[in-house]
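Following: one structure in structure tokens, then a few remarks.
Numbers here simply count residues along the sequence, with the first being 1. Order of listing sets the numbers, starting from 1, for every ligand and every atom in it.
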Amino acid sequence: MLNIGFVGVGGIAQVHLRNIARMEGARVAAVYDINTERANEVARQYDCKAYSSLIDLLDGEKPDGVYICLPPFAHGETELEIVKRGIPMFIEKPLAAEREPADQILQAVEEKKLLTSVGYHWRYSDASDAAKAALAGRTPGMVMGYWLGDMPMVGWWRQMDKSGGQMVEQTTHIVDLARYLLGDVTEVYAVYGNRGMKEIVEGVTVPDVGSITLKFASGAVGTVSNSCLLDQYYTVGLNIVTRDLVLEVRRNSFTERRKGEARTVQNSSDPYYVEDEVFIEAIRTGDASKIRSDYADAYRTHLVTVAANESAVSGRPVQL
Ligand SMILES: NC(=O)c1ccc[n+]([C@@H]2O[C@H](COP(=O)([O-])OP(=O)(O)OC[C@H]3O[C@@H](n4cnc5c(N)ncnc54)[C@H](O)[C@@H]3O)[C@@H](O)[C@H]2O)c1
């Protein structure tokens with residue numbers, strides 16, 4: 001039985017906690033959260049121990065793996081303490097609110113050759129598999145991605161220094177999917193704006209509209225736009241244009257458009273469960289080959305979104 005620890009047990013942690021609890025051969029063994037009330041409640045729910053410090057959890061429990069489900073600004077010490085002890089870790093995206101401390105953590109992870117997985121769960125969806133298969137042997141020309149919806153109402157999200165803004169925090173999923181399907185990005189240029197949320201919600205320092213243009217190493221180009229200005233969830237996805245096919249990857253489906261013909265397939269598996277299963281299996285076997293986003297790969301996505309933030313300030317394209 002693998003004993004799994006959790007650091008940060010807010011919103012997204014509930015998904016991973018549920019998945020681990022229903023998985024054979026793994027159990028939720030211990031939790032830690034600076035919100036002790038929340039940690040105690042989760043510990044009661046999963047019949048495990050709530051620790052009052054990260055170090056006590058790591059040294060007291062000696063877990064076989066740890067899930068880190070912290071807000072972007074809170075990363076750093078947690079990862080470095082876990083890496084020091086050589087414990088495999090799953091980190092929810094994004095790696096940080098800025099470039100630091102992700103670069104320092106990457107160096108530590110590489111020195112230790114640590115098993116890591118990052119929560120870019122779109123990579124594990126049936127829609128992504130279908131897009132990968134459709135692109136084999138084809139030349140992708142361009143991508144158009146978007147994340148258009150309402151503003152998440154957790155306090156840290158609306159503060160630029162805490163979340164990194166929508167491109168770093170949320171639309172990173174779409175940038176990562178574009179990298180997964182088209183390969184690395186070599187240049188990014190961004191324009192951001194504020195079109196209302198600062199007046200509507202107190203304490204907003206993140207832009208509420210933004211677009212980036214991307215150049216890929218392959219020669220493909222693309223745009224990704226996001227907005228959190230809406231009073232409703234609208235749409236999230238990535239479209240890819242090739243000579244004879246347009247591919248539409250959505251949260252729950254994949255559509256393939258040929259001349260005069262369209263075919264849509266709904267996802268039949270839960271990508272969150274698949275990514276958790278793959279991480280647990282990798283701990284068990286020591287074989288990380290099925291992990292689709294490790295720390296080093298996720299870092300390259302993080303660099304694109306952080307560079308977009310830099311470009312939006314400087315008004316110049318950033319080479320990667
Ligand atoms: N992959 C996905 O689909 C997905 C979905 C939602 C959120 N996320 C990501 O997960 C991360 C967490 O988001 P959330 O919505 O769960 O946030 P949240 O605010 O609901 O939960 C974060 C938890 O971390 C705790 N915390 C903060 N600092 C801490 C520290 N130093 N040590 C221990 N605990 C600490 C908080 O008390 C809180 O309980 C974010 O980076 C977010 O982008 C990913």
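The nearest protein atom to atom 43 (O) of ligand 1, hydrogens excluded, is given as Glu169 OE2, 2.4 Å; this is a heavy-atom distance. With hydrogens left out, the protein atom closest to atom 21 (O) of ligand 1 is Gly10 CA, 3.3 Å, a heavy atom. For atom 7 (C) of ligand 1, the closest non-hydrogen atom on the protein side is Ile12 CB, 3.7 Å. Scanning the protein for heavy atoms near atom 20 (O) of ligand 1, the closest one is Gly11 N, 2.9 Å. Among all protein heavy atoms, the one lying closest to atom 19 (O) of ligand 1 is Trp156 NE1, 2.9 Å.
Side-chain contact between Val83 and Thr116 is absent, with no heavy atoms from C-beta onward closer than 4.5 Å.
For ligand 1, the atoms closer than 4.0 angstrom to any heavy atom of His173 are 1 (N), 2 (C), 3 (O). Counting the atoms of ligand 1 from 1 in the order shown, those under 4.0 Å from a heavy atom of Arg38 are 38 (C), 39 (O). Numbered from 1 in the order shown, with element, the atoms of ligand 1 that lie under 4.0 Å from a heavy atom of His121 read 1 (N), 2 (C), 3 (O). Annotation for ligand 1: atoms under 4.0 Å from non-hydrogen atoms of Pro94 are 41 (O), 43 (O). Below 4.0 Å from some heavy atom of Gly119 lie the following atoms of ligand 1, by number and element: 1 (N). Numbered from 1 in the order shown, with element, the atoms of ligand 1 that lie under 4.0 Å from a heavy atom of Ala74 read 28 (N).
Arg292 has no carboxylate O lying under 4.0 Å from a charged side-chain N of Asp176, or vice versa, which leaves the two without a salt bridge. Salt bridge annotation for Asp184-Arg300: present, with a cationic side-chain nitrogen under 4.0 angstrom from a carboxylate oxygen. Under 4.0 Å is where a charged nitrogen must lie from a carboxylate oxygen, and between Arg38 and Glu41 no such pair does.
Other residues, nucleotides and ligands contribute more than 12 heavy atoms inside 6.0 Å of the CD atom of Gln319. No more than 12 heavy-atom neighbours from other residues, nucleotides or ligands sit within 6.0 angstrom of CD on Glu202.
Using a 4.0 angstrom heavy-atom cutoff, Tyr272 counts as in contact with ligand 1.
Two rings, from Phe90 and His16, have their centers less than 6.0 Å apart. The six-membered or imidazole ring of Tyr67 lies near that of Phe279, with a centre-to-centre distance under 6.0 Å.
Looking at Lys49, its side chain never comes within 3.5 Å of a backbone N or O of Ala43 through a donor-acceptor pair. A donor-acceptor contact shorter than 3.5 Å links the side chain of Gln166 to the backbone of Ser227.
Note that CG of Leu57 is 9.5 Å distant from OH of Tyr32, once rounded to the nearest 0.5 Å.
Heavy-atom proximity to atom 11 (C) of ligand 1, evaluated over Leu95, Thr36, Thr78, Leu70, is greatest for Leu70. Among Lys93, Glu37, Glu92, the residue whose heavy atom lies nearest to atom 41 (O) of ligand 1 is Lys93. Of all the listed residues (Val118, Ile34, Val154), Ile34 holds the heavy atom that lies closest to atom 27 (C) of ligand 1.
With a 4.0 Å cut-off on non-hydrogen atoms, Cys69 touches ligand 1 through its backbone and not its side chain. Proximity of Tyr120 to ligand 1, defined as any heavy-atom pair under 4.0 Å, is not found for any part of the residue. With a heavy-atom cut-off of 4.0 Å, Gln170 does not touch ligand 1 at all.
Any N or O atom pair closer than 3.5 Å counts here, and Asp33 shares at least one such pair with ligand 1.
Side-chain contact of Tyr124 with Ser293: a donor-acceptor pair under 3.5 Å is absent, judged by distance alone.
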